[in-house]
Q: 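Quick one: structure below, then a few questions.
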Amino acid sequence: MSPSIKTSKDFKRTTVTAALPYANGGLHIGHIAGAYLPADTYVRYLRMKNHDVIFVCGSDEHGAAITLRAKKEGITPKEIIDKYDTLIKNSFADFGIDFDIYHRTSSELHKETAQDFFTSLYEKDIFSKQTNEQFYDEKFEQFLADRYIIGTCPNCQNDNAFGDQCEKCGSTLSPTELINPKSALSGQKPVLKSTSHWFLPLQNYEKWLREWILDSKKDEWRAGVYGQCKSWIEQGLHERSMTRDLDWGVPVPLSKEEGAEGKVLYVWLDAPIGYVSATKQWAKNTNNDWKKYWLKQENEADDSRLIHFIGKDNIVFHCLIFPIILKAHGDYILPENVPANNFLNLEGDKISTSREWAVWLNEYVKEFPTKKDELRYVLTSIAPETKDSEFTWAIFQSRINNELVDTLGNFVNRTVVLINKYYKGEVPNINLSTAKDLTDFDKEVLEGIKIQTEKVSQNLEKFNFRDGLFEVMELARLGNKYLATTEPWKLQKTEPQRVEQIMKISAELTANLAILMRPFLPTTSDKIANMLNLENDLKWDLAGNLDLLESNNGKINKATLLFEKIEDELVESQIKKLDDNKARKLKEIKEQKEENAQTNPIAEIQSEIQFEDFSKIDIRVATIKNAEPIKKADKLLKITLEVGEQEVTVASGIAEHFSPEEIIGKQVCWLANLAPRKMRGVVSQGMILLAENEKGKLVFVSPEKMVNTGAQVK
RNA sequence: GGCGAGGUAGCUCAGUUGGUUAGAGCGCAGCACUCAUAAUGCUGAGGUCGAGAGUUCGAAUCUCUCCCUCGCUACCA
């Protein structure tokens with residue numbers, strides 16, 4: 001290991017956070033593999049080392065998506081968050097993700113904490129206050145967050161695009177771009193009204209971020225995390241609004257006069273502070289001091305080490321925005337590492353909550369209450385640490401059957417069975433450190449225990465959980481090899497003393513296995529510890545020792561099976577369950593679509609205008625003389641039109657519908673007197689009229705017969 | 001379009017500052033063994049290291065171009 005990379009040994013204590021789940025849905029295996037399982041494994045390891053560690057998490061309960069859904073379903077936001085907070089909290093508890101506290105951002109303590117944070121930055125004059133125009137719902141007397149505006153997507157004509165994003169074509173939007181914008185609350189057309197917000201000038205921290213991340217974290221942070229940060233910093237940072245016009249969230253702690261009324265903190269300011277408030281609540285419950293886990297200490301060497309476990313979608317908030325906030329505040333420590341995972345796919349497709357393509361944690365725990373370690377094993381062994389990976393039920397089956405049952409379970413079983421058979425459950429009392437007549441292979445195996453201990457430790461310190469678990473299994477493989485090579489069953493009659501050595505070594509190896517697997521597979525570790533009569537509170541420092549079984553005079557219990565095989569029927573039924581869900585969901589979506597089509601045969605007609613208004617519009621017939629793609633733009637074509645004697649240039653967002661060659665020579669209608677606009681460096685004069693067919697494909701509006709270019713359309 | 005991360009045996013992944021016949025686990029084939037949950041051990045087959053070009057005595061590893069996957073981002077009158 002490179003000496004420049006710090007490990008837990010270099011710190012007095014560690015603050016571990018796992019991404020706050022949004023209280024708007026359940027947990028699936030992608031969430032677990034991404035953040036919670038590695039975090040839990042790491043924390044269990046630190047606890048075994050008697051390291052001072054706090055592990056916090058909680059429900060993220062604010063934000064527009066929850067209010068929007070509440071309004072839609074005619075219930076209160078509180079009903080939604082209470083439902084999902086309970087579901088999520090129980091799923092974690094049942095599965096054995098062992099937080100010190102699972103808190104909520106809807107709590108009073110969190111409100112105080114977040115407001116204190118905001119006030120502190122406000123008093124330091126960090127924010128810039130800006131006023132601009134935003135959509136306002138006059139009926140509900142409320143400003144509308146981007147998510148609250150629904151309208152027709154200018155790209156794909158989807159009628160249900162949100163103001164921030166169209167979920168059909170995936171393009172990011174701003175609310176003013178939507179065609180026929182409507183308020184999600186009243187369904188009325190919103191009006192633009194000015195409002196003030198407090199912005200965090202991220203760009204002021206660019207220099208500092210370059211030093212802190214680009215210069216000092218290159219070898220320490222995962223490539224994907226570092227690269228993502230670099231990408232953002234290089235692209236240029238901008239101001240970001242830290243407040244929203246909403247009635248759901250932490251109120252902005254400023255006076256009416258300053259325009260704070262009806263405003264709450266932006267959910268991405270609010271949520272990470274949830275880690276702090278969770279720690280405060282834990283400290284209250286357990287009579288501890290939260291400050292030593294979050295604030296800079298008098299002596300820098302006493303600072304806690306902050307580690308955020310998240311998925312790759314959260315990198316920018318945890319690596320840039322939240323650290324900027326912490327830095328701006330001044331009193332707080334900064335993240336030491338952010339081991340973000342990539343995504344877990346499922347049976348060849350992306351996991352999707354809306355399409356119900358997921359394995360839900362609460363359902364898994366219910367269906368397989370005795371197979372928690374099995375899922376921990378599979379998810380860790382395929383953890384998406386370096387790239388996206390895939391879970392299939394066939395992998396689940398083969399990993400468990402071939403590795404847990406055949407390699408690990410079988411080794412433990414044969415060792416325990418043999419000791420019971422030969423010695424009535426009493427491990428031969430041999431001091432392996434002083435024994436003189438050990439074979440070279442014996443010594444190699446004993447050395448192997450120490451080597452594997454070191455390898456597992458190093459991998460855990462570096463957040464390489466997949467590799468760490470692999471090294472645990474290597475020790476089990478070594479055990480199997482040892483028995484197969486020494487063949488004690490052949491020697492028992494002729495050389496019983498030699499067999500005593502072999503069984504002692506096998507037993508100590510098994511005890512070491514129980515320690516090394518403990519962060520990964522806690523229940524299995526307990527089972528082995530019980531079988532071997534080891535103390536329950538196994539410490540990491542014991543690993544590598546060769547006299548673990550002497551504490552109880554070597555008396556062990558009867559063998560019990562650690563794992564059982566997964567049958568084909570189980571795999572088939574789980575796949576069928578997924579397929580059924582998917583088919584049902586697709587049908588629902590299709591029905592919904594048909595319903596919409598029936599109730600909404602044509603898009604709503606715009607408000608009435610007078611003839612004078614129409615006469616302002618100058619539409620001409622023009623011929624496309626040339627068309628070429630615009631550099632650095634996927635969707636734009638630069639089109640040259642011939643209009644009478646003149647030529648004009650128009651940039652049109654049709655590159656995904658037409659190739660340049662196929663449209664040259666066509667006659668089209670051209671809106672001539674539209675104000676010019678610059679797009680991607682090209683000045684667009686007017687626009688070309690298009691209509692969309694039922695398949696979403698654009699077609700030109702052209703004169704029925706060729707006419708002279710420049711002819712007016714009346 | 002820009003940026004980032006990936007593209008190595010059927011599958012999941014290692015491959016350190018370029019160096020002899022490219023590795024591991026699982027799967028597959030053969031052999032051995034029987035203490036063990038028909039488990040285990042050994043041996044073997046399997047790769048033109050995404051494609052092409054270049055630098056070099058020598059490249060999976062460095063440079064350039066291109067292709068594919070995932071993510072972020074720009075553009076959209």
Side-chain angles (χ1 to χ4, degrees), chain A residues 2 153-156 166 169 171-174 177 179 222-236 311-313 315-316 340 342-343 345 350 381-390 392 394-395 398-399 401-407 409-422 464 466-467 470 473-474 476-477 479-492 499 502-503 506 559-565 629-637 650-656 671 674-682 684-690:
Chain A
S2 151
C153 172
N155 305 321
C156 72
C166 171
C169 69
S171 52
T172 37
L173 304 169
S174 88
E177 287 179 284
I179 300 161
R222 287 186 180 167
V225 177
Y226 180 86
Q228 185 77 212
C229 292
K230 192 173 173 212
S231 174
W232 267 74
I233 295 170
E234 301 286 344
Q235 269 179 50
K312 68 174 163 184
D313 50 338
I315 288 173
V316 65
N342 291 333
F343 290 151
N345 294 320
K350 284 183 205 178
S381 66
I382 60 169
E385 289 173 359
T386 46
K387 54 183 167 189
D388 291 355
S389 64
E390 175 165 335
T392 66
I395 287 172
S398 82
R399 289 278 185 178
N401 290 358
N402 300 328
E403 297 174 31
L404 286 183
V405 179
D406 293 352
T407 304
N410 183 49
F411 171 69
V412 173
N413 187 245
R414 62 203 298 210
T415 301
V416 174
V417 166
L418 280 177
I419 291 171
N420 273 296
K421 193 168 171 181
Y422 294 159
N464 294 335
R466 194 181 54 204
D467 291 350
F470 176 82
M473 292 305 291
E474 280 293 282
R477 283 182 202 106
N480 274 322
K481 185 171 173 173
Y482 183 63
L483 286 182
T485 310
T486 55
E487 299 181 302
W489 48 90
K490 279 188 177 168
L491 305 177
Q492 176 60 0
V499 174
I502 295 169
M503 293 322 299
S506 300
T560 53
L561 295 183
L562 295 177
F563 309 102
E564 55 190 26
K565 293 225 171 185
I630 293 179
K631 260 201 276 181
K632 302 184 181 182
D634 285 351
K635 296 179 184 172
L636 288 177
L637 286 184
V650 178
S652 184
I654 57 170
E656 288 172 340
L671 178 54
L674 185 69
R677 180 163 161 164
K678 200 170 174 179
M679 285 181 278
R680 292 272 91 181
V682 175
S684 179
Q685 301 164 273
M687 69 183 257
I688 293 168
L689 302 188
L690 292 147

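The chains referred to below are lettered A, B, ... by the order of the sequence lines, with proteins before strands, and numbering in each begins at 1.
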Q: Does Arg466(A) have a side-chain nitrogen or oxygen under 4.0 Å from the phosphate oxygens OP1 or OP2 of rA14(B)?
A: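 Answer is yes, contact under 4.0 Å.
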Q: Is the closest basic N to carboxylate O distance between Arg399(A) and Glu403(A) below 4.0 Å?
A: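 So Arg399(A) pairs with Glu403(A) through a salt bridge.
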Q: Between rG71(B), rG41(B), rU37(B), which nucleotide has the shortest distance from any of its atoms to the side chain of Lys350(A)?
A: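 The nucleotide sitting nearest to the side chain is rG71(B).
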Q: If we call it a pair only when both distances are under 3.5 Å in a Watson-Crick or G-U wobble match, what pairs with rU20(B)?
A: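 None - no nucleotide pairs with rU20(B), as no candidate has both distances under 3.5 Å.
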Q: Among the candidates rC13(B), rU40(B), rA77(B), find the nucleotide nearest to the side-chain atoms of Asn410(A).
A: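 Nearest to the side chain of Asn410(A) among the choices is rU40(B).
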Q: Base, sugar-phosphate, or nothing: which does Lys481(A) touch, judged by heavy atoms less than 4.0 Å apart?
A: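 Sugar-phosphate contact only - Lys481(A) comes under 4.0 Å of backbone atoms but never of a base.
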Q: Using atom P in both nucleotides, what's the gap between rU61(B) and rG54(B) to the nearest angstrom?
A: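 It comes out at 14 Å once rounded to the nearest Å.
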Q: Distance check, C1' atoms only: rG30(B) and rA14(B), in whole angstrom units.
A: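 Between the two C1' atoms, the distance is 28 Å.
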Q: Please list each protein N or O that sits under 3.5 Å from an N or O in nucleotides 62-66 of chain B, with the distance.
A:
none

Q: Can you measure Glu474(A) atom CD to rC26(B) atom C1' for me and round it to whole angstrom units?
A: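 So the two atoms are 12 Å apart, to the nearest Å.
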Q: Given rU12(B), rG71(B), rU73(B), identify the nucleotide with an atom nearest to the side chain of Lys312(A).
A: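 From the listed options, rG71(B) comes nearest.
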Q: What pair of heavy atoms forms the shortest contact from Leu483(A) to Phe411(A), and how long is it?
A: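 Looks like CD1-CE1, 3.9 Å.
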Q: How close or far is atom P of rU12(B) from atom CE of Met473(A), stated in whole angstroms?
A: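 Rounded to whole Å, this separation is 19 Å.
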Q: State the pairing partner of rG46(B); accept Watson-Crick or G-U wobble contacts with both distances under 3.5 Å, and report none otherwise.
A: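 Result: none.
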Q: Both distances under 3.5 Å, Watson-Crick or G-U wobble: report the partner of rU61(B), or none.
A: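 Base partner found: none.
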Q: Please round to the nearest 0.5 Å and tell me the distance separating atom CD of Gln492(A) and atom CE of Met503(A).
A: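 It comes to 9.5 Å.
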Q: Please name the nucleotide paired to rC31(B) by Watson-Crick or G-U wobble geometry with both distances under 3.5 Å, or report none.
A: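 Matched rC31(B) with rG41(B) under the 3.5 Å cut-off.
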Q: Heavy atoms from C-beta onward define the side chain here; which of rU37(B), rC70(B), rG25(B) lies closest to that of Lys565(A)?
A: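 The listed nucleotide nearest to Lys565(A)'s side chain is rU37(B).
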Q: If you check every side-chain atom of Val405(A), which of rA77(B), rU37(B), rU8(B) has the closest atom?
A: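 The answer is rU37(B).
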Q: Without decimals, in angstroms, what is the distance between Asn480(A) CG and rG25(B) C1'?
A: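 Between C1' of rG25(B) and CG of Asn480(A): 14 Å.
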Q: Which one, rC33(B), rG25(B), rC3(B), comes nearest to the side chain of Ser231(A)?
A: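 Out of rC33(B), rG25(B), rC3(B), the nucleotide with an atom closest to Ser231(A)'s side chain is rC3(B).
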Q: Which residue, Asp313(A) or Leu418(A), contacts RNA chain B at a nucleotide closer to its 5' end, judged by nearest heavy atom?
A: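 Closest to the 5' end, via its nearest nucleotide, is Leu418(A).
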Q: From the set rA36(B), rC72(B), rG7(B), return the single nucleotide nearest to any side-chain atom of Lys387(A).
A: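 Of rA36(B), rC72(B), rG7(B), rG7(B) is nearest to the side chain of Lys387(A).
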Q: Name the nucleic acid region contacted by Phe470(A), choosing base, sugar-phosphate or nothing; use a 4.0 angstrom heavy-atom cut-off, strictly under.
A: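 Sugar-phosphate only.
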Q: Are any non-hydrogen side-chain atoms of Asn413(A) and Leu561(A) less than 4.5 angstrom apart?
A: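 Contact flag for Asn413(A)/Leu561(A) side chains = yes.
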Q: In whole Å, what separates the P atom of rG44(B) from that of rA24(B)?
A: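 Comparing P positions in rG44(B) and rA24(B) gives a spacing of 10 Å.
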Q: Can you tell me, in whole Å, how much space there is between the C1' of rC64(B) and that of rU56(B)?
A: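 To the nearest whole Å, 16 Å.
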Q: Give none if rG6(B) has no partner; otherwise give the nucleotide forming a Watson-Crick or G-U wobble pair with it, both distances under 3.5 Å.
A: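 Pair assignment: rG6(B) / rC68(B).
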Q: When you measure from the side chain of Arg399(A), which nucleotide among rU8(B), rU12(B), rC33(B) comes out closest?
A: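 Ranking rU8(B), rU12(B), rC33(B) by closest atom to the Arg399(A) side chain puts rU12(B) first.
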Q: May I ask you to say what Leu636(A) touches in the nucleic acid, namely base, sugar-phosphate or nothing, with a heavy-atom cut-off under 4.0 Å?
A: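 Sugar-phosphate contact only.
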Q: Go through the steps for Thr386(A) and Arg466(A) under the test side-chain contact (heavy atoms from CB on, under 4.5 Å), then give the verdict.
A: CA-CA 10 Å; Thr386(A) 46; Arg466(A) 194 181 54 204; 3.9 Å; yes
Q: I need the CG-P distance between Leu562(A) and rU37(B), as an integer number of Å.
A: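 Computing the Leu562(A):CG to rU37(B):P distance gives 12 Å.
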Q: What's the gap between rC67(B) and rC57(B) when it is taken at their P atoms, as a whole Å value?
A: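 It comes out at 32 Å once rounded to the nearest Å.
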Q: Say you pick atom P in rU20(B) and the same atom in rC11(B); how far apart are they, in whole Å?
A: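 The same atom, P, in both gives a distance of 27 Å.
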Q: Could you tell me the separation between the CG atom of Asn402(A) and the P atom of rA38(B), rounded to a whole number of Å?
A: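 My rounded result for the distance is 14 Å.
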Q: Could you pull out all residues at least two apart from Tyr422(A) that satisfy ring-ring contact (aromatic ring centres under 6.0 Å, His included)?
A: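 Scan of Tyr422(A) (ring-ring contact (aromatic ring centres under 6.0 Å, His included), adjacent residues dropped) gives none.
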Q: Using O4'-C1'-N9-C4 for purines and O4'-C1'-N1-C2 for pyrimidines, with syn meaning within 90° of 0, is rG46(B) syn or anti?
A: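 It is syn.
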Q: Whom does rC75(B) pair with, Watson-Crick or G-U wobble, provided both distances fall under 3.5 Å?
A: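 The base-pairing partner of rC75(B), which may sit in any strand shown, does not exist here.
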Q: Which residue in the set Thr415(A), Asn410(A), Val416(A) passes side chain to side chain contact (heavy atoms under 4.5 Å, CB included) when paired with Val412(A)?
A: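 Among the candidates, only Val416(A) passes.
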Q: Taking the same atom, P, in rG7(B) and in rU12(B), what whole-Å distance lies between them?
A: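 So the two P atoms sit 12 Å from each other.
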Q: Once you round it to whole Å, what is the distance between P of rU12(B) and CG of Asp388(A)?
A: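 It works out to 12 Å between those atoms.
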Q: Would you verify whether the NZ or CZ of Lys312(A) falls within 45 degrees of the ring axis of Phe343(A) while also being under 6.0 Å from that six-membered ring's centre?
A: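 Yes, a cation-pi geometry holds between Lys312(A) and Phe343(A).
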Q: Which heavy atom of Asn480(A) sits nearest a heavy atom of Arg414(A), and at what distance?
A: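 Heavy atoms of Asn480(A) and Arg414(A) come nearest at OD1-NH1, 2.8 Å.
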Q: With rounding to the closest Å, how many angstrom separate the P atoms on rU73(B) and rC66(B)?
A: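 It works out to 24 Å between them.
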Q: Please classify the nucleic acid contact of Val417(A) as base, sugar-phosphate, or nothing, using heavy-atom distances under 4.0 Å.
A: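 Since only primed, P, OP1 and OP2 atoms lie under 4.0 Å of Val417(A), the category is sugar-phosphate.
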Q: What distance separates Ser389(A) OG from Ile382(A) CD1, expressed to the nearest 0.5 Å?
A: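 CD1 of Ile382(A) is found 5.0 Å from OG of Ser389(A).
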Q: How many Å lie between NZ on Lys490(A) and P on rC33(B), as a whole number?
A: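 Spelled out: NZ on Lys490(A) to P on rC33(B) is 6 Å.
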Q: Specify the closest pair of heavy atoms between Val417(A) and Ala559(A), including all atoms of both residues, with the distance to one decimal.
A: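 Nearest pair, atom of Val417(A) first, then Ala559(A): CG2-CB, 3.8 Å.
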Q: Nearest to the Phe343(A) side chain among rG25(B), rG71(B), rU40(B), which nucleotide is it?
A: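 My answer, after comparing the listed nucleotides, is rG71(B).
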Q: Without decimals, in angstroms, what is the distance between Arg222(A) CZ and rC13(B) C1'?
A: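 For the pair Arg222(A) CZ and rC13(B) C1', the rounded distance is 14 Å.
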Q: Base, sugar-phosphate, or nothing for Thr386(A), non-hydrogen atoms under 4.0 angstrom?
A: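 Sugar-phosphate only.
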Q: Only pairs with both distances under 3.5 Å count, Watson-Crick or wobble alike; so what is the partner of rU55(B) in this structure?
A: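 Because no pair has both required distances under 3.5 Å, rU55(B) counts as unpaired.
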